[in-house]
Amino acid sequence: EREVKDSALLDLISESDSSSLLREGIPFDVNTLDAERSRINSVLVNNGYYQFNKDHIRFEADTTEAPLQAWVKMIVDPYRASQNAAPVSHRRYKIGHVSYVTPEGDLPLRQSVLDRSNHIVEGSYYNEHDMHSTYNAFGMLDALLTSSIRMDHDPVDSTLLNPVIRLIPTKPNSFSA
């Protein structure tokens, strides 16, 4: 059984049921419940739910009904900005404008290299996998010492995230005779 008040979340979770680790008849195991929380969290953060984390998912288990059996209920708690804030639906974010910055101001790479390395697509839903792919692609470039990505909330549209990709170039090699 599930208790998910947000129908958009419920739809995404239901669409991923074929990958669920919980099946009727399996042994009750807290580790399996935690793995299922992680699986559902992954589904959601790869489908626009930037601020979602697995702490919003909990399970209630009742083992009193029958010997060696447990009735398990999954509950997805609504989002709260703070402990005292009113609960609201989890916000689903799309990607707005992607920008690049460097400490020196000049980008150390051609635009075609930036575009090929960036997997974060404007207009698509936020996707944590795309973030990791972008980190990995920029990390493989010899021209960069490091990179980081900051997600800024759009000042006009509260459903948009504007990624700012900070690139730190490597120091040029110099030789002396």
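Residue numbers count from 1 along this sequence. Computed from heavy atoms alone, side chains included, the values below leave out hydrogens, waters and symmetry copies.
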Query - Side-chain heavy-atom pair Val121, Ile95 within 4.5 angstrom cut-off - result: no
Query raised in the report: Does the side chain of Pro87 come within less than 4.5 Å of Tyr79's, by heavy atoms?
Result: no
**Report entry** Donor-acceptor contact below 3.5 Å, side chain Arg80 vs main chain Ala85
**Finding:** yes
Report task. Drop me the distance from Asn31's CG to Leu21's CG, to the nearest 0.5 angstrom. Result -> 11.5 Å
Report summary line: So OG of Ser148 and CD1 of Ile165: to nearest 0.5 Å the spacing works out to 9.5 Å
Report task. Indicate whether the side chain of Asp152 and that of Asn162 have a donor and an acceptor atom separated by less than 3.5 Å. Result -> no
Report task. Output all residues satisfying side-chain hydrogen bond (donor to acceptor under 3.5 Å, both in side chains) with Thr146, sequence neighbours left out; order by chain, then residue number. Result -> none
Report task. Could you tell me which non-hydrogen atom of Ile149 sits nearest to which non-hydrogen atom of Ile120, and how far apart they are? Result -> CD1-CD1, 4.0 Å
Requested in this report: Compare all side-chain heavy atoms of Tyr100 with those of Arg166 and state whether any distance is below 4.5 angstrom.
Outcome: no
Query raised in the report: Between Lys94 and Ser124, is a side-chain contact (heavy atoms from CB on, under 4.5 Å) present by the stated rule, with each step listed?
Result: CA-CA 5 Å; Lys94 284 193 172 186; Ser124 66; over 6 Å; no
Query raised in the report: So does Asp77 pair up with Lys5, basic N to acidic O under 4.0 Å?
Result: no
Query raised in the report: Aromatic rings Phe52 and His56: how do their planes relate, parallel, tilted or perpendicular, breaks at 30° and 60°?
Result: tilted
Report summary line: Note: Ala8 and Tyr49 closest approach over all heavy atoms is CB-OH, 3.5 Å
Requested in this report: Is it possible for you to say whether Tyr125 and Val98 belong to one hydrophobic cluster, with membership spreading through side-chain heavy-atom contacts below 4.5 Å?
Outcome: no
Report summary line: Hits for side-chain hydrogen bond (donor to acceptor under 3.5 Å, both in side chains) against Ser89, two or more places apart or cross-chain, chain-then-number order -> none
Query raised in the report: Should Leu22 and Ile75 be counted in the same cluster of Ile, Leu, Val, Met, Phe, Trp and Tyr side chains packed under 4.5 Å apart?
Result: no
Query raised in the report: Is there a side-chain contact between Asp34 and Glu36 (heavy atoms, below 4.5 Å)?
Result: no
Query raised in the report: So do Ile168 and Ser147 actually touch side chain to side chain, heavy atoms under 4.5 Å?
Result: no
Requested in this report: Write down the atom of Asp154, the atom of Val156, and the distance for their closest heavy-atom approach.
Outcome: OD1-N, 2.8 Å
Report summary line: Closest heavy-atom pair, Ile57 versus Asn41, reported as atoms and distance to 0.1 Å, is CD1-N, 4.2 Å
Query raised in the report: Side-chain heavy atoms under 4.5 angstrom apart, residues restricted to Ile, Leu, Val, Met, Phe, Trp, Tyr: same cluster for Tyr135 and Leu109?
Result: yes
Query raised in the report: When you look at Arg58 and Arg37, which way does the side-chain contact (heavy atoms from CB on, under 4.5 Å) test go after all the steps?
Result: CA-CA 8 Å; Arg58 58 191 168 91; Arg37 288 172 66 218; 5.7 Å; no
Query raised in the report: When rounded to the nearest 0.5 angstrom, what is the spacing between OG in Ser133 and CG in Asn127?
Result: 8.0 Å
Query raised in the report: Are any non-hydrogen side-chain atoms of Val30 and Phe59 less than 4.5 angstrom apart?
Result: no
**Report entry** side-chain hydrogen bond (donor to acceptor under 3.5 Å, both in side chains) partners for Glu15, two or more places apart
**Finding:** none
Query - Tyr93 ring center within less than 6.0 Å of Tyr126 ring center - result: no
**Report entry** More than 12 heavy atoms of other groups within 6.0 Å of Lys73 NZ
**Finding:** yes
Query raised in the report: For Asn46 and Glu128, which heavy atoms make the closest approach, and how far apart are they?
Result: OD1-N, 3.1 Å
Report task. Quick one: pull up OG in Ser158 and CZ in Arg91 and give me the separation to the nearest 0.5 Å. Result -> 4.0 Å
Report task. With the side chain counted from C-beta on, respond yes when His90 and Leu9 share a heavy-atom pair under 4.5 Å apart, and no when they do not. Result -> yes
**Report entry** Donor-acceptor contact present, side-chain Ser16 to main-chain Ser19, <3.5 Å
**Finding:** no
Requested in this report: May I ask you to test the Met74-Val4 pair for a side-chain heavy-atom distance under 4.5 Å?
Outcome: yes
Query raised in the report: Does atom CZ of Arg23 have more than 12 heavy-atom neighbours from other groups under 6.0 Å away?
Result: yes
Query raised in the report: Is a side-chain N or O of Thr134 found less than 3.5 angstrom from the main chain of His119, in a donor-acceptor match?
Result: yes
Report summary line: CG (Leu10) and CD (Glu3) are apart, to the nearest 0.5 Å, by 11.5 Å
Query raised in the report: Does the pair Asp115 and Gln111 meet the rule for a side-chain contact (heavy atoms from CB on, under 4.5 Å), with working shown?
Result: CA-CA 6 Å; Asp115 292 342; Gln111 187 64 45; 2.9 Å; yes
Query - side chain to side chain contact (heavy atoms under 4.5 Å, CB included), paired with Arg92, selected from Asp6, Thr159, Asn47 - result: Asn47
Query - Salt-bridge contact Asp17-Arg2 (side-chain N to carboxylate O under 4.0 Å) - result: yes
**Report entry** Atom of Ala137, atom of Ser117 and distance for their closest heavy-atom approach
**Finding:** CB-O, 3.3 Å
Requested in this report: Measure the CG-CD distance between Leu161 and Glu122 for me, rounded to the nearest 0.5 Å.
Outcome: 12.5 Å
Report task. Check the hydrophobic clustering (I, L, V, M, F, W, Y; side-chain heavy atoms under 4.5 Å; chains of links allowed) and say if Tyr50 and Leu44 are grouped together. Result -> no
